[in-house]
Amino acid sequence: MGERIKELEDRTRFEPAEVEPRIVERWLASGLFHPEPAGVASENYSIAIPPPNVTGSLHMGHALNGAVQDTLIRYNRMKFPPTRRTKWILGTDHAGIATQAQVEKALLTEGINRHELGREAFVERVWEWRAHYGGTIVEQFKRLGASCDYSEERFTLDEGYARAVMQVFVKLYEKGWIYRDRYIVNWDPGSRSAISDLEVEERRETDTLYSIRYDVEGGGSVTIATVRPETMLGDTAVAVHPDDERYRALVGRKAILPLVGRHLPIIADDYVKMDFGTGQLKITPAHDPNDFEIGSRHELDQVSVIGEDGRMTAEAGERFAGLTVMEAREAVVAELEREGRIVACEDYEHEVPYSHRSGQRIEPLISLQWFMSMDELARPAIAAVRDGRVRIVPENHRRVYLDWMENIRPWCISRQLWWGHRLPVYYCETCGHVNVALSAPDACAECAGHLRQEEDVLDTWFSSALWPFATLGWPQDTPELKAFYPTNVLSTARDILFLWVARMIMMGIELTGEVPFSDVYIHSVIQAPDGRRMSKSLGTGIDPLREIDSHGADAVRFGLLAMSSTQDVRYSAEKVQQGQALANKLFNAARFALVRIDASLGSDRAEAVEPQPLARTVEDRWILSRLTRVLSDTAVRIERYDFSHAALGLYDFVYGELCDWYLEIVKQRLSDLAEAGSEDDGRQELAATLLYVLRETVAMAHPLIPFVTEELWRYLDDSGELLAGCSYPRAREDLIDLQAEAELARTIEAVTLVRGWRDSVGARAGQFVDARLCADGYELTAPLLARLARLRLLAEDERSQALDAVGTSPANGDASVAGGREPPAPPTAVASVPIPGGTVEVLSGEGLDLGAAERRREATRQKLLAEIERVQGKLERSGFVQKAPAAVVAGERERLGRLRAELDVL
RNA sequence: GGGCGCGUAGCUCAGUGGGAGAGCGCUCGCUUCACACGCGAGAGGUCGCAGGUUCGAAACCCGCCGCGCCCACCA
């Protein structure tokens with residue numbers, strides 16, 4: 001210990017910026033984060049990281065989820081080493097749309113668009129981009145202390161992974177679940193691609209609702225309402241409800257489409273709401289999902305008037321061709337107005353679909369895309385959650401998952417992008433046959449004709465759906481797959497529950513026959529301190545790396561875990577500060593103990609101390625008992641994903657028990673020991689116990705605050721092992737000591753009460769006050785009480801001398817001297833401070849404002865009286881004694897007795 | 001339209017059937033031999049409102065008010 005302790009002596013603060021990089025390096029060099037694949041998954045522990053976007057950077061969500069996962073990983077790694085191998089599977093996602101958009105934007109600054117570059121060259125540029133910016137986020141995870149297996153980083157587009165994706169496509173195509181269809185899709189003009197329903201967000205907007213009159217062949221008219229008049233150019237019918245008496249005669253006749261002149265059948269369909277507007281509805285199958293369905297039922301024509309560029313088409317856009325949708329709307333309305341066809345305009349608030357990817361307004365349009373039918377995949381994935389093979393925590397998300405899965409719809413899996421997994425589909429240019437194969441066939445299987453590969457790539461989420469097993473080498477039966485699949489838990493925010501988690505469960509069961517993880521932990525979304533969403537564009541984002549820079553990774557981890565809960569929470573800088581304070585406190589507590597032990601025992605003997613629970617005194621038994629409780633609480637809380645209470649419980653123990661009380665109490669013993677000489681002075685036992693408590697505390701805290709604990713481990717453990725590879729402490733039930741807990745609880749309360757009294761009478765901080773302890777239950781703790789409350793508790797024979805000195809003693813003197821003399825009158829106390837079990841009688845009022853003490857006493861009396869009245873009232877209330885549980889009644893009676901006793905001595 | 005959740009101290013949040021809690025902020029006092037990113041002591045709350053269940057409600061139930069999120073094909 002000696003030399004190392006010396007260097008510790010001057011470090012009065014824990015300096016994360018100095019310590020953390022050094023520790024990361026040691027961890028990485030140790031190889032501890034890479035488990036050799038052995039055994040089967042049920043005896044090991046694994047988590048697959050939600051792969052961050054390859055060119056992304058660490059945001060608060062990553063930081064929280066990183067802290068959550070790393071806490072679980074470290075806890076489990078420590079739980080049963082080395083028989084349990086623990087792996088945190090690391091990798092990144094190619095993030096099709098996001099990455100492509102980034103690169104396109106960068107190219108644009110060079111004045112290049114991707115089409116000029118061509119597909120191959122463009123994809124080459126994206127790979128370069130990835131090589132350049134791709135490592136960032138992984139490096140940032142290291143700064144957080146995340147103990148991922150960095151030696152095996154995967155990427156959703158790497159070779160093996162891509163093969164897995166192709167294999168899945170081919171397999172599901174052959175099963176008939178993947179198919180090609182002309183269907184109305186969510187077209188995102190921003191990324192020029194179709195996107196899935198889940199990538200659409202609805203925004204509330206106010207538009208104008210126009211009522212437009214269409215003439216009817218042979219006289220009369222219909223009036224339809226629309227917020228999108230420009231789409232009327234694509235109308236192919238007008239519909240009314242079949243039960244609508246008003247319009248029965250119209251059905252079967254034809255309406256004449258204004259501006260275009262097309263004759264539209266008037267049909268009956270019960271989709272139409274009779275009570276909305278006029279109850280007459282224009283049908284535009286090519287640009288509205290509902291109308292598309294109605295169109296299919298009635299075999300209506302589909303006229304596409306809006307193109308993939310978001311402009312009116314040349315084919316059907318009439319004289320509006322080339323205008324944007326908004327320009328066309330204005331122009332159409334102007335013409336209709338000139339023709340006097342607009343019957344009414346009103347403001348109308350409704351939901352408008354926007355692309356979650358590009359932020360642009362979605363244009364529903366008909367397009368030839370690839371889809372996956374989900375019903376067969378969903379069924380076993382529903383069962384898995386229903387029967388508990390997959391557990392969702394917190395549980396209220398279970399229903400959300402089940403509801404969505406039970407109403408699942410086909411998934412549009414093709415994207416009109418270049419960056420991604422290109423579909424393994426090859427069209428024959430001769431006969432049109434669709435060839436689907438793992439690797440490109442030379443020629444068409446039907447006619448040997450020339451083949452052309454599908455241009456589209458797969459939705460990014462198609463490949464991420466395979467994440468937990470494709471990262472481990474699936475479809476090959478690798479040792480990694482055997483050792484770590486299925487994984488144990490998937491931790492994420494709820495925004496990708498459907499987008500990703502549900503799809504992993506479906507694909508996992510379908511392809512591997514097993515659920516990909518047994519627990520899904522849904523963590524909080526961290527909002528900005530003002531309650532808004534954290535976002536770059538709003539300027540509400542807080543950069544976790546800057547927080548790490550200024551407070552340390554432990555502080556950020558602790559803070560995020562402490563603020564997280566089962567719902568969304570606002571970012572709390574105070575919690576981060578609390579974490580920073582904890583790291584510093586723990587560091588100083590350990591430093592203090594080590595330096596003192598070293599000084600009191602001498603380096604050579606200090607080194608020989610074996611940390612173990614050798615309790616000699618009541619405070620030793622107390623801290624060991626409290627330690628045992630916090631050890632078991634913390635373990636249970638981590639296992640239950642209750643990170644907030646795990647973190648705060650640790651804080652409470654370190655501050656409220658270890659530092660505020662235990663160290664304050666043994667401080668004196670440690671310093672006495674330094675001067676004491678005898679062999680059997682208890683210094684070995686104290687050192688052993690103190691070191692034991694520190695080691696257990698530091699090890700317990702390690703999954704939550706790994707850096708400061710790892711740093712301290714160097715001084716607490718001589719083996720040279722990293723704490724990250726050591727065992728998690730076990731709660732030893734035999735160290736629970738109820739008696740010691742009760743005695744210390746009483747003493748702590750007494751100390752606090754006396755300090756409060758001292759404060760009220762203006763006693764100087766360092767001043768010792770003469771007093772006599774008149775209370776039961778302090779046989780073992782009286783010296784502690786005296787020292788912590790700064791009382792000079794006078795022994796019987798000293799008392800009268802002291803009283804003589806202040807002139808309050810009876811003249812005839814010493815009470816304790818035996819003999820036939822008269823017993824002296826009891827010394828007059830100048831004040832009486834009630835504590836549990838009795839009072840502290842203050843014998844000297846020198847320099848004290850006893851008037852203030854009297855006022856305080858009166859206040860206490862009033863409080864006591866009120867409390868007594870309350871409890872008494874409760875006991876007298878009809879029904880309480882009869883109906884409340886006996887234990888509660890007994891508790892209240894006991895309390896009443898205690899309160900009365902307190903009042904008596906006051 | 002359906003669903004989930006929230007409203008507790010100045011702020012951010014715990015507490016979910018029997019004595020209102022924490023961190024920060026605030027007030028007072030401390031160079032008490034680990035830590036001034038420290039230590040000690042305090043002030044501060046009719047637990048959103050109104051009803052109900054109960055011997056007993058911050059907690060359970062009903063309604064209302066306010067706020068947030070998710071899902072959903074009414075132009």
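Here is the naming used below: chain letters follow the sequence lines, and residue numbers restart at 1 for every chain. Because the structure is a prediction, the values reported are computed rather than measured.
Cation-pi geometry between A:Arg399 and A:Trp404 is not satisfied (NZ or CZ under 6.0 Å from the ring centre, within 45° of the ring normal).
Toward the 5' end of RNA chain B, the nearer of the two residues A:Arg755 and A:Gln577, judged by each one's closest nucleotide, is A:Gln577.
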Indicate for each nucleotide in nucleotides 26-35 of chain B, in 5' to 3' sequence, whether protein heavy atoms under 4.0 Å reach the base (B), only the sugar-phosphate (S), or nothing (-). ----S-SSBB

Nucleotide-resolved protein contact map, nucleotides 66-75 of chain B, B/S/- at heavy-atom distance under 4.0 Å: ---S-SBBBB

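Using a 4.0 Å cut-off between charged side-chain N and carboxylate O, A:Arg203 and A:Glu201 make a salt bridge. Look at A:Arg11 and A:Glu15 and you find no salt bridge, because none of the NZ, NE, NH1 or NH2 atoms lies under 4.0 Å from a carboxylate O. A salt bridge does not link A:Arg855 with A:Glu858: every distance from a Lys NZ or Arg NE/NH1/NH2 to an Asp or Glu carboxylate oxygen is 4.0 Å or more. Using a cutoff of 4.0 Å between basic side-chain nitrogens and carboxylate oxygens, A:Arg204 and A:Glu351 are scored as salt-bridged. The pair A:Arg532-A:Asp530 meets the salt-bridge criterion, with a side-chain N (NZ, NE, NH1 or NH2) lying under 4.0 Å from an Asp/Glu carboxylate O. Using a cutoff of 4.0 Å between basic side-chain nitrogens and carboxylate oxygens, A:Glu892 and A:Lys874 are scored as salt-bridged. Salt-bridge check for A:Arg870 with A:Glu867: passed, with a basic side-chain N closer than 4.0 Å to an acidic carboxylate O.
Taking the salt bridge (Lys or Arg N to Asp or Glu O under 4.0 Å) definition, one finds that A:Arg494 meets it with A:Asp568, sequence neighbours left out.
Taking atom P in both B:A59 and B:U54, the straight-line distance is 16 Å, to the nearest Å. Going from the C1' atom of B:C64 to that of B:G17 covers 24 Å, rounded to whole Å. Nucleotides B:G44 and B:A9 are separated by 15 Å at their P atoms, to the nearest Å. Here, B:U32 and B:G23 have their P atoms 23 Å apart, quoted to the whole Å. Comparing B:C33 with B:G25, their C1' atoms are spaced 31 Å from each other, to the whole Å. On the P atoms, B:G45 is 32 Å away from B:C55, given to the nearest whole Å. Nucleotides B:C67 and B:C28 have their P atoms positioned 39 Å apart, rounded to a whole Å. The separation of B:A36 from B:G10, taken at their C1' atoms, amounts to 25 Å, rounded to a whole angstrom.
Rounding to whole angstrom units, NE2 of residue A:His645 and C1' of B:G21 are separated by 11 Å. Atom-to-atom, CZ of A:Arg570 to C1' of B:C24 comes out at 16 Å; the value is rounded to the nearest Å. In this structure, A:Leu788 atom CG and B:A41 atom C1' are separated by 15 Å, rounded to whole Å. The distance from atom CZ of A:Arg398 to atom P of B:G5 is 14 Å, rounded to the nearest whole Å. Here the P atom of nucleotide B:G40 and the CD1 atom of A:Ile748 are 12 Å apart, to the nearest Å. Between the CG atom of A:Asp652 and the P atom of B:C13 there is a distance of 19 Å, rounded to whole Å. Protein atom CZ of A:Arg399 is 11 Å distant from nucleotide atom C1' of B:G2, rounded to whole Å. Between the CG atom of A:Leu648 and the P atom of B:C24 there is a distance of 12 Å, given to the nearest Å.
Just one residue in the list A:Asp288, A:Asp291, A:Thr231, A:Thr236 forms a side chain to side chain donor-acceptor pair (under 3.5 Å) with A:Lys282, and that residue is A:Thr231.
Residue A:Ser760 is classed as having no contact, given no heavy-atom separation below 4.0 Å to the nucleic acid. Contacts of A:His551 with the nucleic acid, taken as non-hydrogen atoms under 4.0 Å apart, are absent. Nucleic acid contact for A:Phe768: none, since no nucleic acid atom lies under 4.0 Å from a heavy atom of the residue. Among the protein residues, A:Thr566 comes within range of no part of the nucleic acid, since none of its heavy atoms lies under 4.0 Å from any strand.
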Output one line per pair: protein atom, nucleotide atom from nucleotides 16-18 of chain B, and distance, for all N/O pairs under 3.5 Å.
unit_1, atom_1, unit_2, atom_2, d
B:G18, O2', A:Lys874, NZ, 3.1
B:G18, O2', A:Glu892, OE2, 3.1

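When the side-chain nitrogen and oxygen atoms of A:Thr752 are compared with OP1 and OP2 of B:A41, one or more of them lie within a distance under 4.0 Å. Taking 4.0 angstrom as the limit, A:Ser572 places none of its side-chain polar atoms (N or O) nearer than this to OP1 or OP2 of B:C24.
Within the 4.5 Å cutoff, the side chain of A:Trp661 has heavy atoms near those of the A:Val751 side chain. A:Thr223 has its side chain out of reach of A:Ile212: every pair of non-hydrogen atoms, C-beta onward, lies at least 4.5 Å apart.
Sorted by first then second residue, the side-chain hydrogen bond (donor to acceptor under 3.5 Å, both in side chains) pairs that include residues 551-562 of chain A, not counting sequence neighbours, are A:Asp70-A:Arg557.
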Evaluate the ring pair (Phe, Tyr, Trp, His ring centres under 6.0 Å) criterion for residues A:Phe707 and A:Phe14: first the C-alpha distance (whole Å), next the side-chain angles of each, then the deciding distance (0.1 Å), finally the verdict. CA-CA 10 Å; A:Phe707 287 102; A:Phe14 176 63; 8.4 Å; no

When you look at A:Lys667 and A:Glu664, which way does the salt bridge (charged side-chain N to carboxylate O under 4.0 Å, His left out) test go after all the steps? CA-CA 5 Å; A:Lys667 203 174 245 185; A:Glu664 289 303 322; 3.2 Å; yes

Pairing string, 5' to 3', for RNA chain B - Watson-Crick or wobble contacts under 3.5 Å, brackets [ ] where pairs cross, | to another strand: ((((((((.[[[[.)..(..]]]].(((((.......))))).....[[.[[..)....]].]])))))))....

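Proximity note for A:Gln578 (side chain, C-beta onward) versus B:G23, B:C37, B:G19: the nearest is B:G23.
Aromatic ring centroids of A:Tyr183 and A:Phe292 lie under 6.0 Å apart.
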